[in-house]
Amino acid sequence: MANPSVSPNQRKVRRRSLDANRTQRTIRSVIEFVVEWCLFLAAASSVMITLGIVFTLFYESLGFFRHVSLGAFLGDTVWTPNFEPPRYGIWSLASGTIVTTTVALAIAIPVGTIVALYLSEFAQPFLREIIKPSLELLSAIPTVVYGYFALMFIAPLIRYCLPEAIFGNVPTKNMLSAGIAMGIMIIPYVSSLSEDAMRAVPMLMREGSFALGANRLTTALRVVYPAALSGIAAAYILGISRAVGETMIVAVAAGLQTKFTLNPLDESCTMTAFIVNIAQGDTSHGSINYQAIFAVGLSLFLITLLFNCVGFYLRHRYRETQ
């Protein structure tokens, strides 16, 4: 029953207000629905792109493994596709990747960790604001510049510092110079992420260490570093993945000679450099040499996936122990 004290005009105004509110709620629901689906598609696109890359690698690699057995691919140390009979031993390419990555990590991990400790625990705020952005500029330099820096500066310096009577004739292109340049390039990745992880450690842990009589160095090494090990491990894994997947530095400075060697002073072709070299040539689509690109790319993908799984396990295990 209508309220006699409410006039018809007031009822109309109230009805219009209710209709306007209902319309606004409908529009808001539609907008939220559209935004939600846009966000879902944006998130799902990365998964779909990854699945597409994996499918392409596996599909194209199947044609390669129809001609080359998996045992010959994984068990041979000779890569001579243009000889008769052709041999496709992945270790000839993997050795170059392993050596250059090892050299790069031997430089990037210690230096990056020391820089992160200094910036997090010892540097004054104004110095941190200067050093950290300056250091991160190294990651903005194009990798081809690092490659020619290794070829034109680091390699001649190595040839000058290492006596020929002891080390022999060091080639102009060698894995040591490429690895050093890669290590310099990776330092910002390791130091920046490690420093962020260390600064996330609660100040109460530092104050407790100081209260027990520890100095700043002991606190940094015995308290802060173990507490931030989860994030630091992620920085190390990122550095390893970045070194394994580097292309232009090794293509310019390490050489393109496919041979199995663990001597960093030798010239050798890495897996990524091989892909670049074959992709730039006249290899016909569908040939076994063309399919070898995807077989090597699949191997790189599995290596990177392995490192990421190891990093995820270490982070998960470390957090559980906390």
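- How far CD1 of I293 is from CG of L298: 13.5 Å, rounded to the nearest 0.5 Å.
- L57 and I49 fall within a single hydrophobic cluster, where Ile, Leu, Val, Met, Phe, Trp and Tyr are joined by side-chain heavy atoms under 4.5 Å apart, directly or via other members.
- R242 CZ to T101 OG1: the interatomic distance, rounded to the nearest 0.5 Å, is 11.0 Å.
- The shortest non-hydrogen separation linking V99 to L262 is CG2-CA, 3.7 Å.
- Counting only residues at least two apart or on different chains, the ring-ring contact (aromatic ring centres under 6.0 Å, His included) pairs with a member in residues 291-310 are Y290-F294.
- The two residues L119 and R128 make their nearest non-hydrogen contact at O-NE, 2.6 Å.
- The side chain to side chain donor-acceptor pair (under 3.5 Å) analysis of residues 106-125, with sequence neighbours excluded, yields the pairs T113-Y236, E121-R206.
- In this structure, CG in L93 is found 13.5 Å from NZ in K259, a value given to the nearest 0.5 Å.
- Side-chain atoms of T97 come within 3.5 Å of backbone N or O of M271 as a donor-acceptor pair.
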Contacts under 3.5 angstrom, residues 137-150 side chains, donor-acceptor by atom type, not counting sequence neighbours:
from : atom 1 : to   : atom 2 : distance (Å)
S139 : OG     : E136 : O      : 2.6
Y146 : OH     : L138 : O      : 2.6

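- The side chain to side chain donor-acceptor pair (under 3.5 Å) pairs that include a residue from residues 26-43 number zero, where partners must be two or more places apart or lie in different chains.
- Put simply, I109 and V111 are part of the same group of oily side chains (I, L, V, M, F, W, Y) that touch within less than 4.5 Å, one to the next.
- Looking at heavy atoms from C-beta onward, S268 lies out of side-chain contact with Q257 at the 4.5 angstrom threshold.
- L39 forms part of a hydrophobic cluster together with I27, I31, V35, judged by ILVMFWY side-chain heavy-atom separations under 4.5 Å.
- Not one N or O on the side chain of T218 forms a donor-acceptor pair closer than 3.5 Å with the backbone of A214.
- A heavy-atom distance below 4.5 Å is not found between the side chains of S92 and T77.
- Judged as a side chain to side chain donor-acceptor pair (under 3.5 Å), not a single pair has a partner in residues 295-309 (not counting sequence neighbours).
- Within the 4.5 Å cutoff, the side chain of L135 has heavy atoms near those of the S191 side chain.
- When every heavy atom of A72 is checked against every heavy atom of V68, the shortest pair comes out as CB-CG1, 4.3 Å.
- Nearest heavy atoms, E246 versus V250: O-CG2, 3.5 Å.
- The side-chain contact (heavy atoms from CB on, under 4.5 Å) search around M152 returns none, not counting sequence neighbours.
- Sorted pairs that involve residues 45-64 and meet side chain to side chain donor-acceptor pair (under 3.5 Å), not counting sequence neighbours, are lacking altogether.
- Here F126 pairs with nothing under the ring-ring contact (aromatic ring centres under 6.0 Å, His included) rule; sequence neighbours left out.
- With sequence neighbours left out, the ring-ring contact (aromatic ring centres under 6.0 Å, His included) criterion links F64 to F73, Y88.
- Of the listed residues (I275, T270, V276), just one forms a side-chain contact (heavy atoms from CB on, under 4.5 Å) with T247, and that residue is V276.
- In this structure, CG in L300 is found 12.5 Å from CG in L305, a value given to the nearest 0.5 Å.
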Side-chain donor-acceptor pairs under 3.5 Å in residues 170-186, sequence neighbours left out?
from : atom 1 : to   : atom 2 : distance (Å)
N174 : OD1    : L176 : N      : 3.3
N174 : OD1    : S177 : N      : 2.9
N174 : OD1    : S177 : OG     : 3.2
N174 : ND2    : P171 : O      : 3.0
S177 : OG     : N174 : O      : 3.0

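- Centroid-to-centroid, the aromatic rings of W79 and F260 stay 6.0 Å apart or farther.
- When hydrophobic clusters are built by joining Ile, Leu, Val, Met, Phe, Trp and Tyr residues whose side-chain heavy atoms come closer than 4.5 Å, directly or via intermediates, I114 is not grouped with Y225.
- Rounding to the nearest 0.5 Å gives a distance of 12.5 Å between OG of S209 and CG of L204.
- The cluster map of Ile, Leu, Val, Met, Phe, Trp and Tyr, joined by side-chain heavy atoms under 4.5 Å apart, puts V252 and L256 in different clusters.
- F210 shares a hydrophobic cluster with no other residue; no ILVMFWY side chain has heavy atoms under 4.5 Å from its own.
- Between R159 atom CZ and L157 atom CG the span is 12.0 Å, to the nearest 0.5 Å.
- When all heavy atoms of G255 and E267 are compared, the pair lying nearest together is CA-OE2, 3.4 Å.
- Between F122 and L117, the shortest heavy-atom distance links the atoms CD1-O, 3.6 Å.
- Residue L62 is not grouped with residue V54 when hydrophobic side chains (ILVMFWY) are merged at heavy-atom distances under 4.5 angstrom, including chains of intermediate members.
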